[in-house]
Amino acid sequence: MLGPVILAASRSEQMRRLISAAPVTKQVVDRFIPGETVDEIVPIVQDLTAKGLELTMDVVGEDITTPEQAAAARDAYLLLVDRLKELELGTRAEMSIKLSMFGQALPSPTTTLLEEPSGPAPTPHGGHELALANVRPVVEAAAAIGTTVTLDAEDHTTLDSMFAIHEELRKDFPETGCVIQAYLFRTESDARRLAGAGSRVRLVKGAYKEPTEVAYQQKHEIDKAYVRILRILMEGSGYPMIGSHDPRLISIAQELARRAGRKLDEYEFQMLYGIRSDEHLRLAAEGHRMRVYTAYGTDWYGYFMRRLAEKPANLRFFARSMLTRG
């Protein structure tokens with residue numbers, strides 16, 4: 001019941017100021033977002049990979065309002081690629097990107113110029129084209145060090161654009177992945193289209209406030225949809241990525257993989273940094289590919305609030321910390 005309320009708060013500037021000012025907030029946020037800069041996150045990357053885990057890296061901050069901010073987001077990811085190359089960890093860490101952070105929702109410009117990595121160039125018309133222009137050099141740089149990019153799903157109004165960009169990028173970089181969300185009515189159809197050879201698809205439950213016209217609202221409905229969609233992915237010829245912390249869904253995923261005749265390296269589990277860390281290690285020890293979704297950056301508020309909305313235990317953890325240390 002509290003999930004929609006928290007998601008609404010994630011867009012509230014007043015709530016952002018209130019929570020950001022709370023003395024205990026940083027201690028709690030650090031559980032989910034272990035650093036603000038590349039230098040701060042490097043020890044985390046080294047520690048997790050040393051434990052046999054893989055990562056997908058997210059530079060948080062999708063609420064951008066100018067082309068210059070979109071270019072800065074692109075450059076932050078290019079810096080991350082450079083550091084992964086220096087650490088020789090390109091094959092162990094991929095990147096997750098929200099296209100809103102790359103300018104997807106910006107209005108069509110008129111005569112604006114955007115600074116590209118190789119020099120000034122005319123801005124493409126419309127947020128969709130701007131996001132594609134910004135994400136392409138990141139995907140190219142990732143491929144050059146042996147890794148790839150997964151396009152995160154956001155609210156349902158952005159998905160047609162995301163899928164179109166995904167399709168375009170896969171022409172040159174076929175390992176580019178995308179995310180689908182079980183709570184949306186459209187997702188079973190999307191999964192059938194995406195489950196072909198060479199595809200990489202992460203399935204999650206969904207963490208945005210969506211209307212009843214487009215999404216399931218009850219947990220049991222979402223769980224059932226998750227299993228139906230996961231079966232489609234497992235029976236397809238692509239590479240499923242199971243984004244869930246739910247023990248029951250993890251067990252079902254293992255059984256569906258077994259029935260589909262998949263080997264342990266033909267799918268993977270993904271979980272958030274700071275949530276069920278012991279389970280990360282258990283799955284890796286059993287021979288599963290286990291990837292930890294690890295976010296960093298200064299604009300953490302929206303990401304943090306969605307983590308609270310996803311799981312009541314996260315909210316209880318935050319509330320208890322506010323009461324005992326605030």
Side-chain angles (χ1 to χ4, degrees), residues 56 58-59 62-64 70 73-74 77 94-108 124-140 142-143 147-211 213-216 222 225-226 228-244 267-268 270 291 293 302 306:
T56 184
D58 175 13
V59 184
E62 63 260 39
D63 293 326
I64 64 104
R74 173 205 64 207
Y77 273 96
E94 63 150 42
M95 279 150 281
S96 289
I97 287 176
K98 290 180 173 59
L99 291 173
S100 60
M101 190 175 174
F102 281 47
Q104 183 188 49
L106 295 181
S108 299
H125 291 287
H128 174 90
E129 290 81 4
L130 177 61
L132 176 58
N134 277 327
V135 76
R136 184 177 290 277
V138 179
V139 175
E140 291 175 348
T147 190
T148 188
V149 164
T150 295
L151 303 181
D152 272 334
E154 301 181 68
D155 74 78
H156 77 280
T157 64
T158 69
L159 295 185
D160 287 339
S161 171
M162 185 273 281
F163 286 134
I165 290 174
H166 175 247
E167 183 177 353
E168 184 65 26
L169 291 171
R170 287 199 69 210
K171 293 176 182 178
D172 296 317
F173 306 97
E175 290 191 351
T176 304
C178 70
V179 176
I180 56 176
Q181 301 167 107
Y183 66 174
L184 295 176
F185 299 151
R186 64 173 288 172
T187 301
E188 287 185 59
S189 175
D190 290 330
R192 292 188 181 93
R193 176 176 54 84
L194 292 164
S199 68
R200 296 173 63 258
V201 182
R202 180 196 304 150
L203 174 62
V204 300
K205 289 185 179 181
Y208 291 83
K209 183 180 180 182
E210 298 286 10
E213 293 80 10
V214 302
Y216 300 108
I222 298 170
Y226 193 103
R228 291 194 303 270
I229 297 162
L230 185 55
R231 180 178 290 111
I232 293 170
L233 296 179
M234 286 293 188
E235 293 177 352
S237 51
Y239 182 78
M241 300 180 283
I242 303 102
S244 178
Y267 63 97
E268 68 181 49
Q270 296 192 3
R291 194 178 300 276
Y293 192 109
R306 285 194 297 277

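Heads up: numbering here begins at 1 and tracks the sequence. Below, all heavy atoms of this structure are taken into account, side chains as well, without hydrogens, waters or symmetry copies.
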Which atom pair, heavy atoms only, marks the closest approach of Tyr77 to Ser96?
OH-O, 2.5 Å

Given side chains that start at C-beta, do those of Leu151 and Leu169 come closer than 4.5 Å, heavy atoms only?
yes

Okay, side chain of Gln270, backbone of Tyr293: is any donor-acceptor separation there less than 3.5 Å?
no

Given the rule in the side chain to side chain contact (heavy atoms under 4.5 Å, CB included) test, do Asp155 and Glu210 qualify, once you have shown the distances and angles that lead to the verdict?
CA-CA 7 Å; Asp155 74 78; Glu210 298 286 10; 3.6 Å; yes

For the pair Tyr208 and His156, evaluate side chain to side chain contact (heavy atoms under 4.5 Å, CB included) and give the outcome as yes or no after the intermediate values.
CA-CA 9 Å; Tyr208 291 83; His156 77 280; over 6 Å; no

Atom of Val138, atom of Phe102 and distance for their closest heavy-atom approach:
CG2-CE2, 3.9 Å

For the side chain of Thr187 and the backbone of Gln181, is there at least one donor-acceptor N/O pair under 3.5 Å apart?
yes

Working for side chain to side chain contact (heavy atoms under 4.5 Å, CB included), residues Leu194 and Phe163
CA-CA 10 Å; Leu194 292 164; Phe163 286 134; 3.8 Å; yes

Please check this pair: side chain of Arg202 against backbone of Met241, looking for a donor-acceptor N/O pair closer than 3.5 Å.
no

Applying ring pair (Phe, Tyr, Trp, His ring centres under 6.0 Å) between Tyr216 and each of Tyr183, Tyr226, Phe185, report the one that passes.
Phe185

List the atom of Thr148, the atom of Arg200, and the distance in Å for their closest heavy-atom pair.
CG2-NH1, 3.4 Å

Determine, step by step, whether Asp190 and Arg193 satisfy the side chain to side chain contact (heavy atoms under 4.5 Å, CB included) criterion, reporting the C-alpha distance in whole Å, the side-chain angles of both residues, the deciding distance to 0.1 Å, and the verdict.
CA-CA 5 Å; Asp190 290 330; Arg193 176 176 54 84; 3.2 Å; yes

How far apart are the closest heavy atoms of Gly238 and Pro240, and which atoms are they?
O-CD, 3.5 Å

How close do Leu203 and Leu230 get, counting heavy atoms only, and between which atoms?
CD2-N, 3.7 Å

Using a 4.5 Å cut-off on heavy atoms from C-beta on, say whether the side chain of Lys98 contacts that of Asp58.
yes

Enter the distance from Arg228:CZ to Glu188:CD here, rounded to the nearest 0.5 Å.
4.5 Å

Report yes if some heavy atom in the side chain of Leu99 is under 4.5 Å from a heavy atom in the side chain of Thr158; otherwise report no.
no

Return the CD1 to NZ distance between Ile229 and Lys205, rounded to the nearest 0.5 Å.
12.0 Å

Hey, could you give me the CD1/CD1 distance between Ile180 and Ile232, rounded to the nearest 0.5 Å?
8.0 Å

Looking at SG of Cys178 and CZ of Arg170, how far apart are the two atoms once the value is rounded to the nearest 0.5 Å?
8.0 Å

Looking only at heavy atoms, the pair that brings Gly103 and Ala131 closest together is C-CB, 4.4 Å

Rounded to the nearest 0.5 Å, the CD atom of Glu268 sits from the CD1 atom of Ile242 at a distance of 8.0 Å

Taking Arg186's backbone N and O only, do any of them form a donor-acceptor pair with Ser189's side chain (distance below 3.5 Å, no angle check)?
no

Between Thr56 and Glu94, is any side-chain donor less than 3.5 angstrom from a side-chain acceptor?
yes

What's the spacing between Met101 CE and Ile64 CD1 if we round to 0.5 Å?
9.0 Å

